[in-house]
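A quick write-up on the structure given underneath.
Because the structure is predicted, anything quoted here is derived from the model rather than measured. Note that these values count all heavy atoms, side chains included, but never hydrogens, waters or copies made by symmetry. Counting from 1, the numbers follow the sequence of the chain as shown.
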Amino acid sequence: QVQLVESGGGLVQAGGSLRLSCAASGRTFSTYAMAWFRQAPGKEREFVAAISWSGGSTYYADSVKGRFTISRDNANNTVYLQMNRLKVEDTAVYYCAADRPGSWWKFGQVNEYDYWGQGTQVTVSS
């Protein structure tokens, strides 16, 4: 079992920055691929960024590429999402997710992930 807790959300003006954190429990955190998704009211949950268990591979949605950076600190069981040059359309609840080891990693698919955090609200104002 893995428990994920997000933090770092808040209100920020367009063009500003936030760093989200996801703290994970579990003895085998370092073996899990991790990802961030987001969901705005009335919209489906969408992929934002993902990172392999070692941190050697990262993937980003086109909408955030060049602005957001995902990273992980396995020693502290924590995953981060650095968000720069925020836009109003980035407003959403942001969720972290964990994927147990498997043969093929469908990093952008919601149903790939086995554990989810409770979410943290990010609101970007104009």
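- For Y60 and W36, the gap between ring centers reaches or exceeds 6.0 Å.
- With hydrogens and angles disregarded, no donor-acceptor distance shorter than 3.5 Å links the side chain of T78 to the backbone of A23.
- Remark: T31 engages no residue in a side-chain hydrogen bond (donor to acceptor under 3.5 Å, both in side chains) (not counting sequence neighbours).
- Residues passing the side-chain hydrogen bond (donor to acceptor under 3.5 Å, both in side chains) test with N77: none are found, sequence neighbours excluded.
- Within the model, atoms CZ of R72 and SG of C22 stand 10.0 Å from one another, a figure rounded to the nearest 0.5 Å.
- Residues Y59 and F107 meet the side-chain proximity criterion, which asks for heavy atoms closer than 4.5 Å.
- Considering only residues two or more places apart in sequence or on other chains, K43 meets the side chain to side chain contact (heavy atoms under 4.5 Å, CB included) condition with A40.
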Carefully, step by step, assess W53 and F29 under the rule ring pair (Phe, Tyr, Trp, His ring centres under 6.0 Å).
CA-CA 8 Å; W53 70 268; F29 169 78; over 10 Å; no
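- In this view, R67 and D90 satisfy the side-chain hydrogen bond (donor to acceptor under 3.5 Å, both in side chains) rule, not counting sequence neighbours.
- Closest approach of Y113 to A33, counting heavy atoms only: CE2-O, 4.5 Å.
- Evaluation of the side chain to side chain contact (heavy atoms under 4.5 Å, CB included) rule for V122 yields L18, L20, M83, Y94, V124 as partners, not counting sequence neighbours.
- Residues that satisfy the side-chain hydrogen bond (donor to acceptor under 3.5 Å, both in side chains) test with Q118, not counting sequence neighbours, are E6.
- Side-chain contact check for C96 versus Y115: every heavy-atom pair is 4.5 Å or farther apart.
- Side-chain contact check for V79 versus I70: some heavy-atom pair is nearer than 4.5 Å.
- Using modelled atom types, one side-chain atom of S52 and one backbone atom of S57 make a donor-acceptor pair closer than 3.5 Å.
- The list of salt bridge (charged side-chain N to carboxylate O under 4.0 Å, His left out) pairs with a residue in residues 104-113, not counting sequence neighbours, is empty.
- Legend: residues meeting salt bridge (Lys or Arg N to Asp or Glu O under 4.0 Å) with R100, ordered by chain and number and at least two apart, are D114.
- Environment of CD in Q121: crowded, with over 12 heavy atoms of neighbouring residues, nucleotides or ligands closer than 6.0 Å.
- Within the structure, every pair that satisfies the salt bridge (charged side-chain N to carboxylate O under 4.0 Å, His left out) test and touches residues 44-56, not counting sequence neighbours, is listed here: R38-E46.
- Heavy atoms of other residues, nucleotides or ligands lying less than 6.0 angstrom from CD of E89 number more than 12.
- Annotation for G108 and F37: closest pair O-CE2, 3.8 Å, computed over non-hydrogen atoms.
- Shown here are the side chain to side chain contact (heavy atoms under 4.5 Å, CB included) partners of S17, two or more places apart in sequence or in another chain: Q82, N84.
- Distance check: T120 OG1 to L81 CG gives 11.0 Å after rounding to the nearest 0.5 Å.
- Annotation: side chain to side chain contact (heavy atoms under 4.5 Å, CB included) contacts of A61 (sequence neighbours excluded): F47, S63, V64.
- For D73, the salt bridge (Lys or Arg N to Asp or Glu O under 4.0 Å) test picks out no residue, with sequence neighbours left out.
- No single ILVMFWY cluster, assembled from side-chain heavy atoms under 4.5 Å apart, contains both M34 and Y95.
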Going through the distances and angles, do I51 and Y32 end up as a side chain to side chain contact (heavy atoms under 4.5 Å, CB included)?
CA-CA 9 Å; I51 188 167; Y32 289 77; over 6 Å; no
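- Between the OG1 atom in T58 and the NZ atom in K65 there is a gap of 9.5 Å [rounded to 0.5 Å].
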